[in-house]
Every structure is written in C-alpha cells, then in structure tokens.
Amino acid sequence: MGASLALTTAALLAFAPPLELGSSAPAGQSKPEEPRGSPQQPGKAPPRGPPPPERVGGLSGFESLSTLVYAAAPDRPHQLRATYVFPERVRWLLSAKDEKTTERSLHYRFGETVYRIPPRKAESQECEGADRAEILLQMELRQALMLYPDGFAWKGGGLERRVEVGKLGSLHAHLATAADKMPCEIGDADAAGNAVDAFKAISWREVGGRLWPGSIELWHAGELVWKETVDSVDTAGRFVDFYFVPPDRRDKTAREPMAGEVRDLEIPESCALRIELAAGMSWDAALEELLKHRVAWSPRLAEQKLDLDRNATFEVSQEGQPTACLLRLSSVPAKPPPGFAAVRPRKGLACAIRGLAEATAAQISELARALPPGALRERAYLRFDPRDAKDGHVLVVLPYSLGR
C-alpha cells in the first residue's frame, strides 16, 4: 500500500518466478498478554509498547486475507495477510500466490515502533522518520477501511467525512450519495495535506452481521496500483504480543516456558475427524498427511455445504510430536458426517510458541503443572496456520475437565 509497500512489491516482481483479533488473547484471560521484556536492540532504550488491549466496534481485532492483482503484473497475483489487534498491533505479510515460491515481505507495528523485513532478508529494519510516518498512515488507512465507521471520530456530513490521525495526516471517506451509509472511497493525506493513497470502487458485503469490504482498488499518486479481493476476514483469532514484533527483535526469554505465559482458555464446541498417525512421524510428513486428507474430504463436505477449518490441529505426544491430525469443520452441524464427532465445550490451558520446532516436552509439562487441583487432563494439541508452520504463531493447548 502506498509508496513503501509499492516499492517492496516492485522488488518482489523483479524475481522470476515471482514469489508472509482488542487483543485476541484466549477467552477468560484476566490480563493482556505481553512479551517477556521489551523488543529492543542492544544499547537502545526499550521503545514504548502499545496501550492495553481494547475493543473497537465490539471487536478485539481481525485478520484479513486478500488477493492482490497489480496493474503492472496482472498475471502474477499476490496475497496480503493483514493482522490487527487493537490498539497499535499490526502485522502485514505480503507474498506471491505461488506455493513454490518463498519470497515474502513483512511489516510490523508494535506501539509506535515500525519494522520491516525485506524480501530475502532475515534481519529486520526499524523504520524511522518520514518512512515510519508513511507506513503508520497506511496501516491506519487499512484499519479505517476494514472497520468503517468504527475506530475513528469521523466528522462532517453529506458526501464527505474526514478525521485527523494524530500528527501523521488525515483520512477521508467519500459517499456516493447522501443516502449511502458506506463509502465508495476512503483515502489519506500526509501531514501537509497532500493526497497519498486511496481505496476506490469499494464494494461491501455482510459477514457475521457486519459489513466488510469485498473488492477494492488501491490508487497511489493518481495511478492504479492493484485491484484487491478480500477473500476472508477472521475476528476469532488469538495472538500474543510478540507476534507483532520481528523474530530477531523479540526477547529470547519469551521462547522459554514460564508460568506467567500460561493462559486460561475457553475451548468452544467443535466437530472433527481424528486420524491416527504412524509412530515417530516427522512434522513434514504429518503436514503432507493432513493435506492429503483435506484434499480428499473437501469436495465430499462441500456436497453437504460444509467446509474445513483453515487452521491445522494436531494432537501431540508428551514430547510435542504429532500423534493424530484432526480435520476440524469450520462449524458444528446438527448431524456430523460419518466419522466426524462433535466435542463438547471444554476448559484448557494454552501457551504460544513460534514455529513447530519449539513444540517440546517443556511446553507440555509447563501446562500440566499449571492444571488446577483435581483436573483431569486430556490430549494436548497444537493449532496453527499450516502455511506458516515454520516460524509462525503456534498455540499449544492442554484441555482438561474437573473431576466430581
């Protein structure tokens, strides 16, 4: 979005072939989840982190997945995963929609600090000055688009509304007619009042009782940058704070299991098919096995107007190794398909790790030690996005019931 993201994308397009929800902490959590210590570089004072979690429009955050078709490269679609936890926690992952290509670009916001990880780089860069201000304004613009009219004190009536965004600049929303409730255009301007980016030709669709953008055009400096389709919006995801900090900036002690990192979790009802895995199966083989079963089941479930949860769920051993994959449905039908079983709502304990390699006996044992007196533990499992299993957010969950 805007010049910074557009320049990043131009770099991605040079490769051949072309080419990464308030706090969404677990329910029942009494305190906001914070990383151990503060993300910082040696010799620098810790930057100001984000304020405590709060809801906007009744939501603690959202994660959207969009397909981008660039005007300059219409045959090479890209994907943008935008994750927001309110306030001031943002992560953008830009990649090509080509599973064989690993090039990606990331932008992070944690409080007032902004970072980027350029393509083919592992080290993050802190964005400063005008570059930082521009990226922050772009992040605010996307939040304004996704949550309109919540989150900003829009002013004015008729066909135009405006809002100031601190010292960064301003946002404006244009309505097609005075009778319209949702804008056809949302744009921004820098601190000097110069127009920068604008989302145009916005169409809206209702999902879960709320209107979300469906298709959009992004314009920069008067030129079309891309046409975007918002493929999905998730408001039920759970993310800890270090997800919004580049891996090389995180306090290393946050990777070790500590009692303060264990969180209470209310596990909702679910419906899944349990598939036992061969003993000693590696994670690579387990993920291939999951994909095989997803491919086989998806068309059969579609005939019943059912679909699978996009996240992966694996039961694990005491050592954190995969023992069974669970094909979870995205909803719980009145009559489960053959082989699928509904699981009642349960309580659980959870901790977050980065990547499957950190799923070890230490995390499982830490959760077990935190169980309340008299609790009966059930099988531990992991939940994660299979497309980001190597270094993405992984939730380790230990369900339990209370004995009578």
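- The two residues Leu301 and Pro337 come nearest to each other via the heavy atoms CD2-CG, 3.8 Å.
- Separating the CG atom in Leu308 from the OG atom in Ser298 is a distance of 4.5 Å, to the nearest 0.5 Å.
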What do the steps show when you test Arg116 against Glu123 for salt bridge (Lys or Arg N to Asp or Glu O under 4.0 Å), and what is the final call? CA-CA 9 Å; Arg116 70 157 61 88; Glu123 301 79 16; over 6 Å; no
Asp385 and Arg310: CA distance, side-chain angles, deciding distance, salt bridge (Lys or Arg N to Asp or Glu O under 4.0 Å) verdict: CA-CA 7 Å; Asp385 187 332; Arg310 65 177 178 83; 3.7 Å; yes
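- Val233 has its side chain out of reach of Glu63: every pair of non-hydrogen atoms, C-beta onward, lies at least 4.5 Å apart.
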Stepwise, does the side chain to side chain contact (heavy atoms under 4.5 Å, CB included) test hold for Arg161 with His174? CA-CA 7 Å; Arg161 299 180 184 179; His174 290 289; over 6 Å; no
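- Nearest heavy-atom pair, Ala380 versus Leu398, reported as atom, atom and distance to 0.1 Å: CB-CD1, 3.9 Å.
- There is no side-chain donor-acceptor pair under 3.5 Å between Ser215 and Thr229.
- In terms of the side-chain contact (heavy atoms from CB on, under 4.5 Å) criterion, residue partners of Leu224 (sequence neighbours excluded) are, by chain and number, Ala71, Glu217, Trp219, Lys227.
- When the salt bridge (Lys or Arg N to Asp or Glu O under 4.0 Å) test is applied to Glu269, no partner is found at least two apart in sequence or on another chain.
- Once rounded to the nearest 0.5 Å, the distance linking CD of Glu160 with CD of Glu185 reads 9.0 Å.
- At a threshold of 4.5 Å between non-hydrogen side-chain atoms, the residues Ile202 and Leu145 count as touching.
- For the pair Thr83 and Phe244, the minimum side-chain heavy-atom distance is below 4.5 Å.
- A donor-acceptor pair under 3.5 Å is formed between the side chain of Asp231 and the backbone N or O of Thr67.
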Evaluate the criterion salt bridge (Lys or Arg N to Asp or Glu O under 4.0 Å) for residue pair Asp309 and Arg383; output intermediate values, then yes/no. CA-CA 11 Å; Asp309 179 5; Arg383 291 267 293 162; 2.6 Å; yes
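- Checking side-chain atoms of Arg387 against main-chain N and O of Ala389 turns up no donor-acceptor pair under 3.5 Å.
- Of all the heavy atoms in Pro322 and Trp283, the pair that sits closest is CD-CE2, 3.5 Å.
- Side-chain atoms of Trp226 and His78, non-hydrogen and from C-beta on, never get closer than 4.5 Å to each other.
- The closest donor-acceptor contact from the side chain of Gln363 to the backbone of Thr360 lies under 3.5 Å.
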When you look at Tyr108 and Trp92, which way does the ring-ring contact (aromatic ring centres under 6.0 Å, His included) test go after all the steps? CA-CA 6 Å; Tyr108 298 84; Trp92 285 350; over 10 Å; no
Take Glu266 and Arg346, measure what side chain to side chain contact (heavy atoms under 4.5 Å, CB included) needs, and give me the verdict at the end. CA-CA 6 Å; Glu266 296 292 336; Arg346 298 172 288 172; over 6 Å; no
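- Checked by atom type, the side-chain pair Asp248/Ser124 shows a donor-acceptor distance below 3.5 Å.
- With sequence neighbours excluded, the residues that form a side-chain contact (heavy atoms from CB on, under 4.5 Å) with Arg274 are Glu276, Glu315, Ala324, Leu326, Arg379.
- Put simply, CZ on Phe152 and CD on Glu140 are 4.5 Å apart, with the number rounded to the nearest 0.5 Å.
- Contacts of Trp297 classified as ring-ring contact (aromatic ring centres under 6.0 Å, His included), with partners at least two apart in sequence or in another chain: Phe340.
- Rounding to the nearest 0.5 Å gives a distance of 8.5 Å between CG of Leu136 and CD of Glu88.
- Taking the six-membered ring for Trp and the full ring otherwise, the centers of Trp154 and Tyr148 sit less than 6.0 Å from each other.
- With sequence neighbours excluded, the residues satisfying salt bridge (Lys or Arg N to Asp or Glu O under 4.0 Å) with Arg210 are Asp150.
- In this structure, the side chains of Pro53 and Phe86 stay at 4.5 Å or more apart for every pair of heavy atoms.
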Take Leu290 and Leu327 through the test side chain to side chain contact (heavy atoms under 4.5 Å, CB included) and record every step on the way to the result. CA-CA 8 Å; Leu290 173 65; Leu327 291 184; 3.6 Å; yes
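- The shortest non-hydrogen separation linking Pro52 to Pro87 is O-CD, 3.3 Å.
- For His293, there are no ring-ring contact (aromatic ring centres under 6.0 Å, His included) partners, not counting sequence neighbours.
- A distance-only check finds no donor-acceptor pair linking the side chain of Asp180 to the backbone of Met182 [under 3.5 Å].
- Donor-acceptor pairing under 3.5 Å is lacking for the side chains of Arg132 and Tyr115.
- Rounding to the nearest 0.5 angstrom, the gap separating the CG atom in Leu395 from the CD1 atom in Ile353 is 9.0 Å.
- Looking at Cys351 and Glu366, their side chains never come closer than 4.5 Å, going by heavy atoms from C-beta outward.
- Annotation: side chain of Arg109 is not in contact with side chain of Thr113 (no heavy-atom distance under 4.5 Å).
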Under the side chain to side chain contact (heavy atoms under 4.5 Å, CB included) rule, what do Leu137 and Leu171 come out as? Steps first, then yes or no, please. CA-CA 9 Å; Leu137 186 58; Leu171 305 176; 4.2 Å; yes
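- For the residue pair Gln318 and Ser365, a side-chain donor N or O sits within less than 3.5 Å of a side-chain acceptor on the partner.
- Around atom CD of Glu223, no more than 12 heavy atoms belonging to other residues, nucleotides or ligands sit under 6.0 Å away.
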List the steps and the verdict of salt bridge (Lys or Arg N to Asp or Glu O under 4.0 Å) for Asp388 and Arg104. CA-CA 12 Å; Asp388 201 16; Arg104 61 184 187 175; 3.7 Å; yes
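- Here the closest heavy-atom approach between residue Tyr400 and residue Pro372 is recorded as CE1-CG, 3.6 Å.
- Taken from CG in Leu80 to OG in Ser66, the straight-line distance is 5.5 Å, to the nearest 0.5 Å.
- When side chains are defined from C-beta on, Phe199 does not count as touching Pro213, because their heavy atoms never get closer than 4.5 Å.
- Residue Leu382 is tested with Thr313, Val397, Asn311, Leu356 for a side chain to side chain contact (heavy atoms under 4.5 Å, CB included); the sole match is Leu356.
- A cation-pi arrangement is found for Arg328 relative to Tyr381, the charged atom lying closer than 6.0 Å to the ring centre and inside a 45° cone about the ring normal.
- Summarising the geometry of Ser317 relative to Ile364, their closest heavy-atom pair is O-CG1, 4.1 Å, with the distance given to 0.1 Å.
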